[in-house]
Structures are given as structure tokens and as C-alpha cells.
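Side chains included, hydrogens not; waters and symmetry mates left out as well; all remaining heavy atoms used.
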Amino acid sequence: METSRCKAYIAAAETGSFSKAAELLSYTPSGVSQLVSALEADLGFALLRRTNKGVTATPEGELLLPVMREFLNQEERIYQFAADARGLLIGSVTIASYSSIATHWLPKVIGSFQSAYPQIKITLMEGVRQEVNKWLDDKIADIAFTSFREPFPYDWIPIAEDPMIAVLPKEHPHAADSTYSIELCRNEELILPGFGHDDDVIALFDEFGIEPNVSFSTVESFSALQMVEQGLGMSIMNELITRNWQCDVVKLPIAPARSITLGIAVPSLKNASPAVKRFVKYAEDIIE
């Protein structure tokens with residue numbers, strides 16, 4: 001199977017357009033179309049639906065996307081291992097990460113790593129836990145900085161424990177307390193990031209049998225913090241997310257105390273490319 005055909009299909013499926021895929025790959029749109037058509041002929045079924053508005057992956061094409069990404073990753077690993085054997089480390093590392101980790105931990109890691117290995121391209125993708133894990137599952141990301149919770153199908157390197165906290169408006173009746181009982185969430189109007197279904201927070205509610213009343217949902221935690229500041233409700237989140245944001249809110253540890261374990265997930269550290277292994281080692285050393 002020719003890798004150029006796979007690259008053309010993946011680019012077209014991800015961008016939704018032969019023209020945009022052509023820009024990414026430095027081909028012509030007709031060249032991308034021909035490569036995809038040749039791949040479809042090889043496989044014996046259509047990978048893309050073609051319309052006047054662009055292209056979308058067929059159900060069969062969707063199933064093949066992560067497989068083809070892994071196929072191309074293996075090709076990349078061959079070149080990286082060969083370069084490593086010659087003493088010249090090259091390649092790329094795609095990182096999926098919580099926004100909190102991308103903000104507070106990764107800039108120093110990436111800066112140090114790029115100084116040591118300028119030939120390696122780093123791509124950073126930020127998202128909530130369900131997005132981060134999906135990027136890892138779909139072979140879009142090589143490494144994920146995320147939280148641990150069973151079942152966990154990846155190799156795991158724990159980095160830190162991050163406490164869960166309650167974020168309250170200053171006028172909240174419990175704002176002067178030393179801790180915030182998680183049981184109080186039963187009667188709260190909640191503002192939750194992660195599309196209103198943050199995996200780490202929902203797992204906490206599930207532990208205590210709490211059915212959350214989600215009044216507002218946001219994508220990012222900072223939006224939730226701003227809404228709490230305006231008195232629109234309260235929120236539960238991990239402490240690292242709240243650092244350095246200038247919001248006039250009250251932050252209290254929850255009771256009973258709970259935390260999430262943050263760390264590095266890799267599909268297989270043993271089979272990872274030299275670039276990925278080096279980056280993981282840098283991250284371990286610098287963050288610790």
C-alpha cells in the first residue's frame with residue numbers, strides 16, 4: 001500500500017476538501033483526488049462521499065482512519081530509528097493534553113526539548129479528557145497528558161496528584177467555610193466545563209451518588225470561572241486548572257478530600273518512536 005495514497009485520504013477526510021488537502025500536501029486537488037481513487041480501487045470500496053460541498057468519510061473510511069494513521073506512524077518510526085542509529089534524532093511528536101497541563105507544565109518541557117532537538121516537530125492539541133483520550137485512541141496523538149481512571153488501556157506514567165476543589169462566588173453562603181462538603185452539590189446550580197460532562201467531575205459525583213443540576217455548560221474551565229464570578233452558580237474542578245486565572249472567586253478543598261492523578265499516557269512505550277521516548281523522559285524529569 002502506497003503511503004502517499006494514505007496521506008491523501010487522511011488529509012481529505014480531516015479537512016473535508018480535496019483543495020485543502022492539496023494545500024497541506026503540496027499537491028494539486030486533482031492529484032489528491034486521483035490518489036484517493038487509486039486507494040479506493042485497491043481496497044474495493046469507497047472511502048469518501050463526494051458532494052458539491054466537499055468530501056466526508058464513509059462508514060468504512062471512518063473505520064480505516066485510525067488504522068491508516070498507525071500505518072503512517074510506523075513508517076515515521078522507521079525513519080526515526082534509522083536517524084537515531086546515525087546519531088541524528090528527527091521526527092515529530094503530537095501531544096494531546098488538558099488545557100491546565102498545557103498551560104502550566106508543557107511550555108517549559110517543550111522549550112527545553114526543542115532546544116535540545118530542534119529537528120523534531122512538536123504539535124500540541126488541547127482538550128477535555130474525553131477529547132484527549134479519543135485523539136490517543138484514533139492515533140492522532142502520540143502522547144496524552146491526562147488523568148488516570150480504570151479501565152486504562154495505555155501505558156501510564158504518573159506525575160502528580162491534583163486535588164479537587166469547589167469554586168464559589170464570593171457571596172455564596174459557604175464561601176467563608178474552610179472546606180466544601182461535596183454533599184452540598186445536590187442542591188447547587190452547577191457550571192461545568194467539558195461540555196457539561198467533565199469526566200473527572202462526573203466520576204466524583206458518581207462516587208457519592210449525586211445527580212448534578214447543571215445550569216450552564218462550557219468548553220473551557222476559564223469560562224466556567226468567569227460565570228462563577230458573576231454569581232451564576234458554582235463549580236467543581238481540579239486545582240491546577242484554576243492557577244493564575246484572575247477571577248474574584250473563592251476556592252475551597254472539597255470534603256471528603258479527593259484528587260485526580262495526572263500523568264502521561266502512551267499507547268505503548270516499548271514500541272514508541274525514539275522522539276516520543278525522549279520527550280516522555282524530558283517531561284518526567286522537568287515536571288517532577
*Asks:* Hey, does Val276 have a side-chain heavy atom less than 4.5 Å from the side chain of Ile143?
*Replies:* yes

*Asks:* Evaluate Gln226 against Gln230 for side-chain hydrogen bond (donor to acceptor under 3.5 Å, both in side chains), listing each step before the verdict.
*Replies:* CA-CA 6 Å; Gln226 293 283 11; Gln230 295 303 313; 5.4 Å; no

*Asks:* Take Tyr27 and Ser4 through the test side-chain hydrogen bond (donor to acceptor under 3.5 Å, both in side chains) and record every step on the way to the result.
*Replies:* CA-CA 11 Å; Tyr27 292 162; Ser4 60; 5.1 Å; no

*Asks:* Is a side-chain N or O of Ser112 found less than 3.5 angstrom from the main chain of Val109, in a donor-acceptor match?
*Replies:*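 No.
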
*Asks:* If the test is side-chain hydrogen bond (donor to acceptor under 3.5 Å, both in side chains), which one of Thr146, Asp137, Asn133 qualifies with Tyr154?
*Replies:* Asp137

*Asks:* Evaluate the side-chain proximity of Leu72 to Ile10: yes if any heavy-atom separation is below 4.5 Å, no if none is.
*Replies:* yes

*Asks:* I'd like to know if Arg258 and Glu207 make a salt bridge, using a cut-off of under 4.0 Å between side-chain N and carboxylate O.
*Replies:*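 Here Arg258 pairs with Glu207 in a salt bridge, since their nearest N and O are under 4.0 Å apart.
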
*Asks:* Looking at Arg5 and Gln34, would you say the former's side chain and the latter's main chain have a donor-acceptor pair under 3.5 Å?
*Replies:* no

*Asks:* Checking Val250 against His172 for the side-chain contact (heavy atoms from CB on, under 4.5 Å) test, could you report, in this order, the C-alpha distance in whole Å, the side-chain angles of both residues, the deciding distance, and whether it holds?
*Replies:* CA-CA 9 Å; Val250 174; His172 193 281; over 6 Å; no

*Asks:* Hey, does the side chain of Ser223 reach the backbone of Thr218 with a donor-acceptor pair shorter than 3.5 angstrom?
*Replies:* no

*Asks:* Is it the case that the side chain of Ser33 and the backbone of Pro29 share a donor-acceptor pair, with hydrogens and angles ignored and the cut-off at 3.5 Å?
*Replies:*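 Judged by distance alone, no pair lies under 3.5 Å.
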
*Asks:* Is any side-chain heavy atom of Ile260 closer than 4.5 Å to a side-chain heavy atom of Met164?
*Replies:*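 In contact.
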
*Asks:* Cys247 versus Met227: any side-chain heavy-atom pair under 4.5 Å?
*Replies:*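 No - every pair of side-chain heavy atoms lies 4.5 Å or more apart.
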
*Asks:* When you measure from the side chain of Asp177 to the backbone of Tyr180, do you find a donor-acceptor pair of N or O atoms at a distance under 3.5 Å?
*Replies:*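 Checking the backbone N and O of Tyr180 against the side chain of Asp177, no donor-acceptor pair under 3.5 Å is found.
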
*Asks:* Is there a donor-acceptor pair closer than 3.5 Å between any side-chain N or O of Asp142 and the backbone N or O of Thr94?
*Replies:*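 Side chain of Asp142 to backbone of Thr94: a pair is present.
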
*Asks:* Check the angle between the aromatic planes of Phe152 and Trp156 and answer parallel, tilted or perpendicular using the 30° and 60° thresholds.
*Replies:*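 Taking Trp156 first and then Phe152, their aromatic rings stand perpendicular (interplane angle over 60°).
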
*Asks:* Output yes when Asp198 and Arg129 qualify as a salt bridge under the 4.0 Å nitrogen-oxygen rule, no when they do not.
*Replies:*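 Looking at Asp198 and Arg129, the cut-off is not met.
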
*Asks:* Quick one: do Thr28 and Ser30 satisfy side-chain hydrogen bond (donor to acceptor under 3.5 Å, both in side chains)? Show the steps, please.
*Replies:* CA-CA 5 Å; Thr28 63; Ser30 63; 3.2 Å; yes

*Asks:* How long is the straight-line distance from CD1 of Ile241 back to CG of Asn238, given to the nearest 0.5 Å?
*Replies:* 3.5 Å

*Asks:* OG of Ser259 to CD of Glu239: how many Å apart, nearest 0.5 Å?
*Replies:*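 Going from the OG atom of Ser259 to the CD atom of Glu239 covers 11.5 Å.
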
*Asks:* Would you call Arg149-Asp200 a salt bridge at under 4.0 Å N-O?
*Replies:* yes

*Asks:* Identify whether the distance between the nearest side-chain nitrogen and carboxylate oxygen of Glu75 and Arg69 falls below 4.0 Å.
*Replies:*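 A salt bridge is absent here (no side-chain N lies under 4.0 Å from a carboxylate O).
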
*Asks:* I'd like to check Thr179 versus Leu252 (side-chain heavy atoms, cut-off strictly below 4.5 Å). Are they in contact?
*Replies:*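 Side-chain contact under 4.5 Å: no.
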
